[in-house]
Amino acid sequence: MRNKTITSGDLLLRTLSLGYISLLIILPVCALSYEALQSGAGTVWHQITLPQAIASLRLTLILAFIIALINIITGTATAWVLVRYDFPLKKVINAIIDLPFAIPTVVTGIMLVAFYGPNSIIGGFLQKCDIEIIFNKPGIVLALLFVTFPFVVRAVQPVLIEMERDMEEAAQTLGATAPQVFVRIILPTLLPSILTGGALSLSRALGEFGSVVIVAGNIPFKTLVAPVYIYGEMESYNRAGATSVSFVLLLISFLILITIHCLQKWSRRHEIA
Amino acid sequence: MKASITICMALLGALYLLAGCTDSARKTKNEVTLTLGAYTVPKDAYQKEILPAFQAYWKEKTGQTVRFEESYAASGAQSRAIESGFEADIAALSLEKDIDRLSKVGLITHNWKKVPGDGFVTCSVVVIAYRSGNPKKISGWHDLRRKDVDVLYPNPKTSGGAMWDINAIYGAGLKLSEISTGKQNKTHARELLKAIQQRVRIMDSSGRMSVTTFENGIGDALVTYENEALLRQKQGKSFPYILPEATILIQNPVAIVDRNVEKHGNREVAEEFLRFLFTRTAQTAFAQYGFRPVEANVAREFEDRYPVPKYMFTVEYLGGWGAVSAEIYGQDGVWSKIMEELSHAQ
């Protein structure tokens, strides 16, 4: 792939794409960081340690980790089913996996309220059992699961398709049980992609706004997530508060991305070994 | 690869064109453009009645056609948009605070309150909506403290308009204590607000979202504006509400954005439009769409529809928006502290 001679076309393409990424992502991110830090480290610290800010950040982080964990399990299982089994309408189901990416997140919120809300059949039944989904934390989890569902599936699926079956078969002939084969042979190969998918859904969940603002109920200290808090501070003229908490979310996302990068490096080394 | 270069070039070219062609053809001799930056709620009144009426009026007066560019967004968002460069000639917003911001950054240089009606073009009051037949027997603020009543109002942080709701409750507490004991009792007002806040199950991001949630069957009482309730009734929905005896008068400001009209050279028509908003025609239109008119004659005509609550107060009763922002919604404000206390109580 690598070519030592660099043509002027290469150079132009490289400049253009780097310029494009800068204008699209890097510079706006720098602008936000600059604005947040411009108000001074003291102000940033003060803003992010306000009780409501801490509560919303904590809620967001906890929920994001929970949904990343759930996604890792359900996403891997889904990818497994899609690759290893044949069933009617498999192609349709496979296409439906990506639907959450195509639906505007506000619509996701409306959909969930329509289906699980207190007015629906399911919501009404749950309400009788004293279970509250919409307008409480389970509703937020549901919305986040919906919008992040494709990440793990789409990360694991190609690895699973590429995976050679001979190792599994060899292990089976040597008398390994099915769980042993899964834990000792399949899982190590899949792990990097599972973690990558998990990390992607984690960072996506940190920033989700559109669907959550509709299903959460938005009560401070209870169901107010960080993106909605940021929006609220913005609306109530506290720009410093909004940018400071955004900056924290940005940092966390950045850490997650670095982790993904390391994971990918690790997986490449793993492949060679 | 050549293809991708071409695509990049095309994209850059498109960006360049977009940046270059927004300001052409703003003014020709027989046409004048007026940009209206308004909040969402009066959209129908403007679009269906007032703007066409003004176009006809101006055409007859000068022979010129007025072309309106209209933008409707949440009041805070609209104010921010204008602040950061959206060139609205007229700002019609929900809260005085949102206009004040435009003054602060120098976009509005005149005293916008020096017009008839003190710069407020419409009014409304905060009311309590309840379910058909009033199964929970709601008759005033005190009922919203009851354990069997679920209350809805939007989050004042995300919805500037929601501040009216909370101001109404807190102010009613002050007013009622003043009436029974002769002087304002802040502790009493705080207790009323805390007791009601404790009954709030959902704080939607905007007033409209709260109405939707309420209409979806959630909650027993909704704190909202009279004009919202009347709008729903006008649209044929059953939307019963009560006027609490003590409640706040909502006042919606409108102002010319000086720097933009100077840039566009359309001050004459902008000023005429502003005057037009206070005429019988426009005020009647507002009144028909659920707003309390500010023009005296129209107000008299509609007085049966818009009875004045016994103990009505304005934001000035609470010390004006400056005091309210700090004392109720600031970091150590009454509402912020109540939210903290309620979180510990869980």
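Residue numbers begin at 1 in each chain, while the letters A, B, ... track the order of the sequences.
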Point to revise | Parallel, tilted or perpendicular: ring planes of B:Trp321 versus B:Trp164, cut at 30 and 60 degrees | key: perpendicular

Exercise for review: Describe, in one word, how the ring planes of A:Phe221 and B:His344 are oriented to each other, choosing from parallel (under 30°), tilted (30 to 60°) and perpendicular (over 60°).
Suggested key: tilted

Part of [X] lying under 4.5 Å from any heavy atom of chain A:
| X | result |
| --- | --- |
| B:Met203 | both |
| B:Thr213 | side chain |
| B:Asn155 | side chain |
| B:Arg201 | both |

**Study point:** Trace of the side-chain contact (heavy atoms from CB on, under 4.5 Å) decision for B:Glu340 with A:Gln52
**Key:** CA-CA 8 Å; B:Glu340 270 176 52; A:Gln52 277 202 35; 5.6 Å; no

Exercise for review: Using a cut-off of 6.0 Å, state whether more than 12 heavy atoms not belonging to A:Leu24 lie near its atom CG.
Suggested key: yes

Review point. Does the side chain of B:Ser238 pick up a donor-acceptor pair with the side chain of B:Ser132 at under 3.5 Å?
Key: yes

Practice item. Among the options B:Arg101, B:Gln197, B:Lys97, B:Met163, pick out the one with the most heavy-atom pairs lying under 4.5 Å from chain A. Key: B:Arg101

Revision key, fill the gap. Of A:Asn238, A:Asn136, A:Asn119, the largest count of non-hydrogen pairs under 4.5 angstrom with chain B goes to A:Asn119

